[in-house]
Amino acid sequence: MIGTIFRIGYLNLKNGDSEIVLTLTVPLVFLSIFALIFDNGIGGGSTGKVKVVLVNEDDSAASVDLISSLGGDPALRIIKGEKRQDDPSGVALVDLEVAKMDVGNGLVKAAIAIPSGWGASLVKKPSKILAVKVFSDSFDPVAKQIVSSIVKSQSIRVTARQKRLQAKASAKAGMAAATDPGREAIDRSDLPERDPRGKQPVQQQPVQQQPVQQQPVQQQSVQKQPVQQQHGDHPLLPALEVPGDAHGPQDESVVSGGGDPLAQAPVEIVDFVGDSKQNPILSSYAAGIVVVFVLFSATGFAGTLLDENETQTLERLLNGRVSMLQLLAGKWLFIFCIGFLQVICMFLWAMFYGINFTNNVVGFLLVTVATVAAATSFALVLATFCKTRGQLNTVSMIVILTMSAMGGSMVPRYIMSETMQTMGRITFNAWALDGYNKVFWYGMPVSEMLLELSILLAMAIVFFCLARLMAVRWEQVA
Amino acid sequence: MNALTLSNAESTIAPSRVALCVEDAKKSYAQGLALDGVTFELKGGEHLALLGPNGAGKTTLIRCISGRVKADFGAFQLYGEDLNQENRSHLGIVPQEIALYPKLTARENLEVFGRIYGVPRRKIRERVDWALQWTDLKDRPGDQCRTFSGGMKRRLNIAAGIMHRPSVILLDEPTVGVDPQSRERIFEMLEELRKNGTSLLLTTHQLEDAETHCDRIIIIDHGKVIANGTRNQLIENTTGSKRQLSIRLDRLPSQPVEGFILHERDKRLDTVLEDVGRDLPPLLKHLSALGLEVQDVDIRAPSLQTVFLKLTGRELRE
């Protein structure tokens, strides 16, 4: 009997419309999508470039050298700000205030600011070396770590070069002193202290307590990062441990140049955006969950079209005074209202977990309307495309999960390769998530969400028209 | 009379007036010809049965009339006017499937389909009450449709299709899958509509229903009307005046009786008479002369099934 029951299951699968093909291909599709995401993403070692802006408040040769090095780093994409100025290195720079705004608005993941006097401080003892500041957006913790590691790495190389130049200058001075004793009176107070054994300089934690700066967008916090801990588990760690690779053999003198190279390249990370959020991880992922849920829910309701077609109720409706356009519009309105209600309920419930939309109610409502509208229209497209409820279930699972994966609902888009991030833009998940992030994370005004809102609403209209076109098959049986 | 005024079945319609006229309807699909010049008329207040084997073209014809399928050729008229989007609203269409919302109550289903068919909001309540009464569901207006028996669903299904009180109703197998009691109730309901002059075009495989409850019968096969008339006319035209005669005797005859088939077990003789009035009296005399006593005489006209099978053949249609 068990065998007979098994056989019934097999025969149903075998005789179903494309069911056996879908059953076997769905796992392959998912595997391919995630492979595509991760192969060129975090898994492939070619993470998408991190968007940053550079600020150089120091006019020294060392800062120009660092800017040049950062500009040439393959992991960074230097964004040109509105008030850009050309650095002697040829790399685009922005003012500090502009940089902070860019981070605060989510245009870039971080701003790297070289403070005034940084170059001059390199020749002083480590405790007096000024820290390069990284203003980061903690929405993307990976980017923050990558940027800080790169800045450290490049700072070490620049410091090493400066030390070497200084050593050469000292050597020349020493030779000159040998011939001119009057030059012995060099002020050595700024030189690194040496330990009692006279071999290594005394190591000091380079990141010192900095006064918290008042920021225009979000309350910021200074993050004192123990350098060793910070780079210890990061994929860029090898670059720090072998600092001479990128800039030729002369950089090998960094280690032998005296002192801990990490201590000589302090970096101060300022969590510029998001630190004040009660639950930053959940708020950034809640939107993703909501979008996926609304998609599945809307598709379920849109499937009533197929149920009605199967029972001839659809034909009965069309025999009445209902046109197909009215029928779809009525369905759309109902599914939209249900979806909207679901989103409101979900975010009201999410308030218990620290996600608060009441600070930006208008923005939240507009993004929700646009998102649910697009999801509803897309669900109608799926329903009008499929012939049976079973087919809809399978197709919607594939399409929705694929869109969710590509659009960032399942995997944050910032860890994807740039290609995948760009491809993700064809899904409305990506636009919806961007909209919600602007509401919850960046607290932006509605005017800053117009792009997302416009695209989502345009998608809603296009999808609805597409559903209307595909529903023609129900209007005339032949 | 304007067709619009006939939309309400409460209007009095002259029975002789042609309600629906189909002329030379043709429709072909990729698989072949579905309708091949179908022509017939449905008079006001008439109940017309549309019979035919599976695949004969009945459903295509109904869909052409309802506008769900566009005929390749032919004319469709409702009370003398070409059928169009406007006057099609005066048709009532009852599909074979239970095309109701199972989670809606009887009242809710009637309300939504009333609205769909254009019943004014102010009249909905009155119409729903009438439909509940008409379908004998007045005691269960608040029950979900999915909890109903097959017969109740069928009755509700019919009511949902005529909430707007159409003058012509197309019913596709309205009694399929219901018990005899429900079937009788359904035909009582339909008979009530006749009083208001409503015309019915009924497709069915239940030949008995067609014989008993319809004024006229059309048999359609291979997309053509192959018979059209009352039951008696169909029989007359198909088998003529022949009748099946069965005579039960008090004992078995001592010798074979010429022209009869003898059934020994029940001492019965069977034959076919060309003309009962002319042939029966001499036959009875002949049996008496043979010393046989007639205990029972049964004269049967050929049934509609006989006519149907004679016209459409005995081959299975799949």
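Between the side chains of B/Thr105 and B/Asp143, no donor N or O sits under 3.5 Å from an acceptor N or O. In summary, the side chains of B/Thr147 and B/Gln144 do not present any donor paired with an acceptor at a separation below 3.5 Å, with no hydrogens or angles considered.
The residues A/Glu308 and A/Lys331 are annotated as salt-bridged, a charged nitrogen and a carboxylate oxygen being separated by less than 4.0 angstrom.
With a 4.5 Å cut-off on non-hydrogen atoms, A/Gln326 does not touch chain B at all. For a residue to count as touching a neighbouring chain, one of its non-hydrogen atoms must lie under 4.5 Å from one of that chain's; by this rule B/Ile93 touches chain A with backbone and side chain alike. Neither the backbone nor the side chain of B/Asp172 comes within contact range of chain A; no heavy atoms are under 4.5 Å apart. In this structure, the portions of B/Leu100 lying under 4.5 Å from any heavy atom of chain A include both its backbone and its side chain. In this structure, chain A has heavy atoms under 4.5 Å from both the backbone and the side chain of B/Val94.
Annotation: cation-pi geometry not satisfied between B/Lys153 and B/Phe148 (NZ/CZ under 6.0 angstrom from ring centroid, within 45° of ring axis).
Taking the six-membered ring where the residue is Trp, the centroids of A/Tyr436 and A/Phe357 are separated by 6.0 Å or more.
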